[in-house]
Trainee: 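One structure follows; several queries about it will come next.
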Protein chains: 2
Amino acid sequence: MEDIIRSLGYLTLGSRLKRIGEQLQADTQRMLDGLEVPVQSSQYPLLAALDRLGPLPVGELAQSLGITQPGVTRSVALLTELGLVEVVQSDGDQRRRMVSLTGNGQRLVSRAKRDVWPRIENAVADLCRGLTGPLLEQLSAIEDGLAAAPLERRVKQDAVP
Amino acid sequence: MEDIIRSLGYLTLGSRLKRIGEQLQADTQRMLDGLEVPVQSSQYPLLAALDRLGPLPVGELAQSLGITQPGVTRSVALLTELGLVEVVQSDGDQRRRMVSLTGNGQRLVSRAKRDVWPRIENAVADLCRGLTGPLLEQLSAIEDGLAAAPLERRVKQDAVP
DNA sequence: CTTTGTTATATAACATGTAATGAACAAGGT
DNA sequence: ACCTTGTTCATTACATGTTATATAACAAAG
């Protein structure tokens with residue numbers, strides 16, 4: 001069965017990148033399923049941003065993640081519900097709402113940084129190992145690689161000694 | 001403002017691909033807005049698949065697009081509503097529903113193939129021109145390129161002489 | 001020819017992106 | 001002191017992907 005998105009080349013590059021991204025996220029999700037944490041893989045960038053940059057207002061969080069503000073507002077509401085982040089009114093400007101990690105959120109990120117993220121990085125690096133050449137060929141190699149062995153089967157057991 | 005998704009490298013490759021794909025689709029949408037057709041850019045792959053492969057049952061359409069069957073069912077309902085595709089029961093197996101382009105759908109695809117798709121392909125090819133090297137660097141170049149000049153400003157006026 | 005498993009599609013519920021709009025607040029000129 | 005205007009965030013409506021499940025049609029076996 002011909003893969004149309006692949007056949008159409010540059011014309012459907014957007015659809016193709018989106019599709020590969022979704023597949024990678026789904027694979028990553030399966031790697032995370034072992035943890036007892038009820039957080040989707042797509043929420044980790046937000047947590048990582050707070051961990052890396054410290055408390056941020058909603059708008060700057062959106063900028064640093066490259067998504068729009070309503071998306072951040074919704075994710076923050078979800079993660080607040082889960083007790084992983086909290087929101088306080090800014091001291092100066094009453095419009096700004098500073099988002100920060102809670103203790104639980106900080107603990108989750110620390111654990112992920114130690115136990116999980118290195119595995120994911122290794123698995124993706126393994127998937128992309130040796131890739132060179134034109135973009136479309138690299139994408140085909142990634143698609144073929146994921147079909148042959150999804151991320152969760154690319155974890156090196158000695159990745160975190 | 002640091003771009004977290006970009007900074008995290010392989011760890012967030014999935015989010016990054018998805019984000020670039022969405023941006024490309026949005027740019028493409030703006031290139032299509034000149035047409036009077038109320039079809040989102042994301043629907044074109046389905047139309048292209050029918051044009052290229054002929055009438056297909058829902059399941060095979062899903063396979064050829066690399067998405068799941070419920071997604072196809074919904075898109076087919078939408079495009080049927082717009083009069084661009086139609087569904088007939090298969091002759092043999094009454095479970096299968098063959099999807100095909102209507103006259104209007106065929107005309108839309110023909111027009112797109114002649115007037116619009118070459119421009120999009122050219123614009124994306126221009127964006128990706130000269131890209132080589134590791135995947136993450138190519139992605140950065142694409143992000144920078146889109147920020148510098150979105151697709152709609154990359155259309156060569158003589159692309160379709 | 002009924003029962004039982006499989007296949008094809010539809011439907012519902014959810015996730016997560018977008019754009020558009022409105023409310024609250026800040027800031028500046030008169 | 002007030003308007004006006006811009007900024008920040010929440011809310012709503014939509015698009016489009018997913019998974020899980022229901023339903024209908026077919027196939028195979030007694």
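Throughout, a chain's letter reflects where its sequence line sits, starting with A, and its residues are numbered from 1.
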Trainee: Can you find a side-chain donor-acceptor pair between B:Glu86 and B:Thr80 that sits under 3.5 Å?
Mentor: no

Trainee: Looking at every strand, decide which applies to A:Gly21 at a 4.0 Å heavy-atom threshold: base, sugar-phosphate, or nothing.
Mentor: nothing

Trainee: Give one of base, sugar-phosphate or nothing for B:Gly71, where a contact means two heavy atoms less than 4.0 Å apart.
Mentor: base

Trainee: Between A:Arg30 and A:Asp93, who's closer to the 5' end of DNA chain D by nearest nucleotide?
Mentor: A:Asp93

Trainee: CG of B:Leu78 versus C1' of D:dG17: gap in Å, rounded?
Mentor: 14 Å

Trainee: Across the strands shown, which category fits B:Gln43 at heavy-atom distances under 4.0 angstrom: base, sugar-phosphate, nothing?
Mentor: sugar-phosphate

Trainee: Salt bridge or not between A:Asp3 and A:Arg19? Use side-chain N to carboxylate O under 4.0 Å.
Mentor: yes

Trainee: Quick test of your reading of the model: are B:Asp27 and B:Arg153 salt-bridged, counting only N-O distances below 4.0 Å?
Mentor: no

Trainee: Please tell me which of the listed nucleotides, D:dC9, C:dA15, C:dT9, lies nearest to the side chain of B:Gln69?
Mentor: C:dT9

Trainee: Tell me whether the OP1 or OP2 atom of C:dT18 has a side-chain N or O from A:Thr68 closer than 4.0 Å.
Mentor: yes

Trainee: With nearest nucleotide decided by heavy atoms, which residue, A:Arg96 or A:Glu22, maps closer to the 5′ end of DNA chain D?
Mentor: A:Arg96

Trainee: Tell me whether B:Thr12 contacts the main-chain N or O of B:Ser15 through its side chain, where contact means a donor paired with an acceptor under 3.5 Å.
Mentor: no

Trainee: Grab the CD-P distance between B:Gln25 and D:dT16 for me, whole Å please.
Mentor: 8 Å

Trainee: How many whole angstroms separate atom CD of A:Gln94 from atom P of C:dA23?
Mentor: 19 Å

Trainee: How about A:Asn122 and A:Arg119: does a side-chain donor come under 3.5 Å of a side-chain acceptor?
Mentor: no

Trainee: Base, sugar-phosphate, or nothing: which does A:Pro70 touch, judged by heavy atoms less than 4.0 Å apart?
Mentor: base

Trainee: Counting only side-chain nitrogens and oxygens, does B:Thr73 get under 4.0 Å of the OP1 or OP2 atom of C:dT9?
Mentor: no

Trainee: To the side chain of A:Arg95, which of D:dT16, C:dC25, D:dA25 is closest?
Mentor: C:dC25

Trainee: From CG of A:Leu61 over to P of D:dT8, roughly how many Å is that when rounded to an integer?
Mentor: 14 Å

Trainee: Measure from CZ on B:Arg74 to P on C:dA12 and round the result to the nearest Å.
Mentor: 12 Å

Trainee: Reading DNA chain C from 5' onward, which residue's closest nucleotide shows up sooner: B:Lys18 or B:Pro57?
Mentor: B:Pro57

Trainee: Measure from CD1 on A:Ile67 to P on D:dA15 and round the result to the nearest Å.
Mentor: 20 Å

Trainee: Would you kindly give the CD-to-C1' distance between B:Glu81 and D:dC14, to the nearest whole Å?
Mentor: 16 Å

Trainee: What is the separation between atom CZ on B:Arg19 and atom C1' on C:dT16, rounded to the nearest whole Å?
Mentor: 15 Å

